A.B. asks: 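Just passing along the structure, written as structure tokens.
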Amino acid sequence: MIVAKTIDQIRNIVSQWKSDGLKVGFVPTMGFFHEGHLSLMKESLKRSDRTVVSIFVNPTQFGPKEDFSTYPRDLDRDLNLAKEVGVHGVFIPDVKEMYPSQNKTWVNVEDLTNHLCGASRPGHFKGVATVVAKLFNIVQPDLAIFGEKDFQQLQVIRRMTADLNFPIEIVGAPIFREPDGLAMSSRNTYLSREERKSAICLFKALQLAKRLVAENKVTTASQLQRALADFIESFPFTQIDYIFVGDPELLEPVNEIRLPLLVALAVFVGKTRLIDNILIR
Ligand code: AMP
């Protein structure tokens with residue numbers, strides 16, 4: 001496995017592979033790998049001849065009061081895991097390599113970022129879209145894999161890729177979960193033992209949403225939101241950031257329940273903000 005720290009290094013490696021006629025898959029990450037990350041890498045390995053993974057905790061997607069400085073990092077462990085899975089190249093730039101000077105150019109994906117995390121984390125998707133555009137230009141892969149765990153991010157990247165004509169296929173990968181249903185996340189490591197028990201409320205609330213919709217127990221989004229809020233608030237340490245009920249393509253809220261329906265949650269459990277979602281068809 002090749003480990004590249006600079007843009008020149010990763011570009012040279014990928015261009016060699018491409019001139020050999022090999023298909024290159026790409027998995028952008030912020031590291032501190034769990035099975036969810038590894039499932040994306042395995043998917044890329046299946047779909048391409050060479051897989052590049054980037055590990056970069058991108059400062060421009062964190063708000064001033066968010067966890068950029070404390071975000072969990074363990075590069076040695078990550079490199080071992082990537083190697084075990086069979087990844088061919090890892091790109092680990094430092095902040096100066098990615099942002100040698102203050103960026104003056106930003107990628108802003110309109111409308112799709114008005115709600116969900118776009119509303120509660122102002123500037124977040126501007127940072128995400130910009131760093132992914134930079135990584136796409138640096139790595140120049142044939143395909144890139146993103147998790148459905150970050151459903152809004154996946155839609156934002158799909159749209160940016162289409163609007164800016166990146167010749168890259170975007171692939172969505174299903175949410176990887178702990179045995180009890182909690183969506184895997186690097187941030188789960190922040191949870192205390194008691195908080196970890198409460199964290200299951202997100203998955204359970206989404207299952208409840210699916211049941212209420214399937215059994216026609218709710219007809220409006222506000223009824224569904226009320227039911228989910230009551231359920232989540234019955235767990236200790238929880239504070240709801242948002243409960244989104246809406247259109248999975250437009251990422252706009254709906255009033256009346258109609259399929260397909262995206263139900264997406266952001267809930268603080270203690271100080272840890274967790275997200276999860278379900279697409280009800
Ligand atoms: P992150 O390192 O958290 O920025 O995530 C890197 C990629 O892994 C993103 O495309 C995420 O959507 C994806 N990812 C994170 N958690 C999961 C999960 N539990 N299941 C599937 N994909 C995930």
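The shown structure was predicted, so the numbers you read here are calculated from the model rather than taken from an experiment. First listed ligand is number 1; within each ligand, the first listed atom is number 1. Any value given below was found using the heavy atoms of this structure, including those in side chains, with hydrogens, waters and symmetry copies removed.
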A.B. asks: Before accepting this row, confirm whether a basic side-chain N of the pair Glu215/Lys217 lies closer than 4.0 Å to the acidic partner's carboxylate O.
C.D. replies: yes
A.B. asks: Before signing off on this row, confirm whether His37 and ligand 1 have an N or O atom pair separated by under 3.5 Å.
C.D. replies: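 In this structure, His37 places an N or O atom under 3.5 Å from an N or O of ligand 1.
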A.B. asks: Are Arg73 and Phe68 in a cation-pi contact, defined as NZ or CZ under 6.0 Å from the six-membered ring centre and within 45° of the axis?
C.D. replies: yes
A.B. asks: Just going by heavy-atom distances, which of Gln61, Glu178, Glu148, Met30 is nearest to atom 4 (O) of ligand 1?
C.D. replies: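 The nearest heavy atom belongs to Met30.
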A.B. asks: Could you list which atoms of ligand 1 come closer than 4.0 Å to a heavy atom of Phe146?
C.D. replies: 10 (O)
A.B. asks: Taking the side chain from Ser198 and the backbone from Phe235, do they hold a donor-acceptor pair closer than 3.5 Å?
C.D. replies: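 Flag not set: sc Ser198 to bb Phe235 has no pair under 3.5 Å.
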A.B. asks: Is the terminal nitrogen or CZ of Arg187 (NZ for Lys, CZ for Arg) located under 6.0 angstrom from the six-membered ring centre of Tyr71 and within 45° of that ring's axis?
C.D. replies: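 No - Arg187 does not lie over the ring of Tyr71 by the 6.0 Å and 45° rule.
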A.B. asks: Please classify the Pro28 to ligand 1 contact at 4.0 Å (heavy-atom distances, strictly less than): side chain, backbone, both or neither.
C.D. replies: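 It is the backbone that touches ligand 1; the side chain stays farther off.
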A.B. asks: Check each atom of ligand 1 against the heavy atoms of Met184 and keep those under 4.0 Å away; list them by number with element.
C.D. replies: 16 (N), 17 (C), 18 (C), 19 (N)
A.B. asks: So, Glu43 side chain and Ile145 main chain: donor-acceptor pair closer than 3.5 Å or not?
C.D. replies: no
A.B. asks: Below 4.0 angstrom, N of the basic side chain to O of the carboxylate: do Asp241 and Arg121 qualify?
C.D. replies: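 A salt bridge is absent here (no side-chain N lies under 4.0 Å from a carboxylate O).
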A.B. asks: Which bit of Arg177 gets closer than 4.0 Å to ligand 1, counting heavy atoms only: side chain, backbone, both or neither?
C.D. replies: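 Answer for Arg177: neither.
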A.B. asks: Heavy-atom distances under 4.0 Å are what count here, so tell me which part of Leu40 touches ligand 1: side chain, backbone, both or neither.
C.D. replies: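 Near ligand 1, Leu40 shows its side chain, while the N, CA, C and O stay back.
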A.B. asks: Side chain or backbone of Pro174 under 4.0 Å from ligand 1, or both, or neither, by non-hydrogen atoms?
C.D. replies: backbone
A.B. asks: At a 4.0 Å threshold, what atoms of ligand 1 neighbour a non-hydrogen atom of Asp150?
C.D. replies: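 This gives 11 (C), 12 (O) as the contact atoms.
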